[in-house]
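Contents: one structure, followed by commentary.
This is a predicted model, so every value here is computed, not measured.
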Amino acid sequence: MSSPHEHNDDSSNEGPIPAVVTGPAYVVEQPQAAPTYDCFHDDDNSGEIREYTGQFEGPEKTLEVVFRRMDGTTPPPNEDGERTGLRRLSRDELARICARARCTILSCVSNRYLDAYVLSESSLFVYPHMLVLKTCGTTTLLRCIALLIDFGRKLGLEIDWVGYSRKNFNFPGDQAFPHQSFHQELDYLYSHKNLCERLDGNGYTLGPVTSDHWFVFVADQTIRSRNSELDTDRVLNIMMFDIDEDVANMFYYNNYDEKKGETKEEETKRISHEQTVRSGINALCPGAIIDPCAFEPCGYSMNAILFRSYSTIHITPESGSSYCSFETNQKVGSYKSLISNVIRTFRPKRFVLTLMADEAGLAQIKENPLTSSGEQSKIVVPAPRVIAESTGAKQMLYKRSSIASIQVEDDCCCMMGNWVLTPAQSPEQLRRASKARGMTVA
């Protein structure tokens, strides 16, 4: 999950630097000619193995694929009465899917609605007719699509909806084909005959190109009358950068004591649980089945499932480049308290918030910082004691610096926003700032 690395993240864009510019050294991604992909026989190899460069790409690539029953087909005989559709894929078949993305399955928890897998590089969630795969680092996520289509056909299922998204890379040069640029990813999707014979999707960029922004691809053939549950879908993702140092230190494996007589498996399970409780992560998912995993020398992943919803957290805590993500598809009426609780837990210096929702799902949200204005868009959380004692400030205030939204396909709404922690101010500084100023006469 995590590899030692150090870098200064300036939220740069991808691609070669086209010219010398003044001000911040933002890197602008350039269009490229579409390569010809006449076959995909190498997908099982997942491309070249890239050498570790001392840098790690924390923000995940996310692929969501929704299936529907093919016309004129009947479900295969079901010997397991509870598992239907994609949940009938075997562990070996799921392992093959993950291998194409260059990751492995570590653990699994299930309920009557879904299966949640912690991976070596993030998470996999499997519903009867939907699969969500998140991978970080230099994984090759899109290479698993052809295999997903083939496995779906064997179960009498066909592609209904595809969504692929990611934040702009911090280290685009470390990525392997087909993820070296968003243009390359789109070329790969468009050139994939198994996908594009049925789907005609589009790519979008949300947010400022000179700062953190979000790439989205959506292809939609959903027949709403067949799948009413999709009408209120939404997925919230919080990507946090430069998390509090004291919080980050909780996710170093060697910061926890050894116990005599424990096997390695027992030790990892215990430390995973201790990290979950000590950090307060367990309080973010009350009532859920939680599956945590601590990594050596550092790093952490967690899946939580509650009825039909999932929540997942992934952390790379290295100093200078710490990162944490929280994603959930919970259908809550207000996201303000959930977002505040997550930010309070990790206390980042900045965070990116994204939301993908159907129109009906968006209408059910009563309080949403992405659509609120003024004071309602701010996120305020209690300051840790060390900050309160040094500055006198009892709260940490995050202001929204940018926002972007777009409606894609028929009714899929995509939103993203950037929030930045304001400089700590003492009560005296706040009093001076609010004091009425008189006119100045020269």
Side-chain angles (χ1 to χ4, degrees), residues 9 11 58-60 167 207 211-212 214 234-251 275-286 288 290 292 300-302 304 309-317 319 321-330 332-356 365-388 390-391 393-403 415-425:
D9 176 14
S11 304
E60 299 89 352
K167 179 190 165 296
S211 185
D212 294 320
W214 191 35
R234 57 253 201 195
V235 178
L236 176 76
N237 189 15
I238 309 172
M239 293 172 274
M240 296 162 278
F241 300 86
D242 298 320
I243 63 177
D244 183 85
E245 184 176 347
D246 291 336
V247 175
N249 286 336
M250 297 180 191
F251 301 99
Q275 290 181 352
T276 304
V277 174
R278 184 178 298 184
S279 63
I281 286 175
N282 59 317
L284 298 176
C285 308
I290 297 179
Y300 174 92
S301 287
M302 182 281 289
S309 69
Y310 70 81
S311 299
T312 184
I313 292 175
H314 302 284
I315 301 170
T316 55
S319 177
S321 58
S322 59
Y323 170 79
C324 174
S325 68
F326 174 92
E327 178 176 300
T328 185
N329 64 349
Q330 294 181 58
V332 297
S334 171
Y335 281 121
K336 189 69 176 286
S337 59
L338 174 61
I339 294 168
S340 297
N341 288 336
V342 172
I343 298 303
R344 178 180 182 175
T345 301
F346 298 103
R347 304 193 293 271
K349 291 183 179 178
R350 78 178 203 277
F351 66 92
V352 178
L353 189 65
T354 67
L355 177 66
M356 186 178 291
I365 304 173
K366 298 180 177 62
E367 195 175 18
N368 179 4
L370 282 163
T371 56
S372 301
S373 59
E375 293 296 320
Q376 296 301 315
S377 68
K378 297 177 181 178
I379 302 296
V380 181
V381 301
R385 185 172 62 182
V386 63
I387 292 180
S390 61
T391 67
K394 296 182 179 180
Q395 295 178 325
M396 299 173 67
L397 171 63
Y398 295 84
K399 289 185 178 181
R400 193 177 64 200
S401 60
S402 66
I403 186 173
M415 301 179 178
M416 73 86 61
N418 294 313
W419 273 258
V420 179
L421 177 65
T422 60
Q425 292 181 313

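Note on ring orientation: taking the six-membered ring where Trp is involved, the planes of Trp419 and Phe351 are parallel (angle under 30°, cut-offs 30° and 60°).
Here the CE-NZ distance, from Met416 to Lys167, works out to 8.5 Å after rounding to the nearest 0.5 Å. Here Thr371 contributes atom OG1 and Leu355 contributes atom CG; the two are 9.0 Å apart, rounded to the nearest 0.5 Å. One finds the NE2 atom of His314 at 9.5 Å from the SG atom of Cys324 (value rounded to the nearest 0.5 Å).
Partners of Tyr310 by side chain to side chain donor-acceptor pair (under 3.5 Å), not counting sequence neighbours, listed by chain and number: Glu327. Legend: residues meeting side chain to side chain contact (heavy atoms under 4.5 Å, CB included) with Lys378, ordered by chain and number and at least two apart, are Glu375, Leu397, Lys399.
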Should Phe326 and Met302 be marked as a side chain to side chain contact (heavy atoms under 4.5 Å, CB included) after you check the CA-CA gap, both sets of side-chain angles, and the distance that decides it? CA-CA 10 Å; Phe326 174 92; Met302 182 281 289; 5.6 Å; no
Just do the side chain to side chain contact (heavy atoms under 4.5 Å, CB included) check on Leu236 and Leu338 with the steps written out, would you? CA-CA 10 Å; Leu236 176 76; Leu338 174 61; 4.1 Å; yes
Ile313 vs Leu284, side chain to side chain contact (heavy atoms under 4.5 Å, CB included): CA-CA, chis, key distance, verdict: CA-CA 10 Å; Ile313 292 175; Leu284 298 176; 4.1 Å; yes
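In this structure a side-chain-to-backbone donor-acceptor pair under 3.5 Å is present from Ser377 to Gly374. The backbone N or O of Pro317 sits nowhere less than 3.5 Å from a side-chain atom of Tyr300 that would complete a donor-acceptor pair. Proximity of a side-chain donor or acceptor of Ser322 to a complementary backbone N or O of Ile243 within less than 3.5 Å is detected.
Residues Met396 and Pro384 form a side-chain contact, since some pair of their non-hydrogen atoms from C-beta on lies under 4.5 Å apart. Contact check for Arg350 versus Asn418: no side-chain heavy atoms found under the 4.5 Å cut-off. Within the 4.5 Å cutoff, the side chain of Pro369 has heavy atoms near those of the Ile379 side chain. A 4.5 Å side-chain heavy-atom check between Phe251 and Ser279 finds at least one atom pair inside the cut-off.
Residue-environment remark: CZ (Arg400) exceeds the threshold of 12 foreign heavy atoms within 6.0 Å.
Side chains of Ser309 and Gln330: a donor-acceptor N/O pair is absent below 3.5 angstrom, by distance only. Under 3.5 Å, the side chains of Asn282 and Thr276 contain no donor-acceptor pair of N or O atoms.
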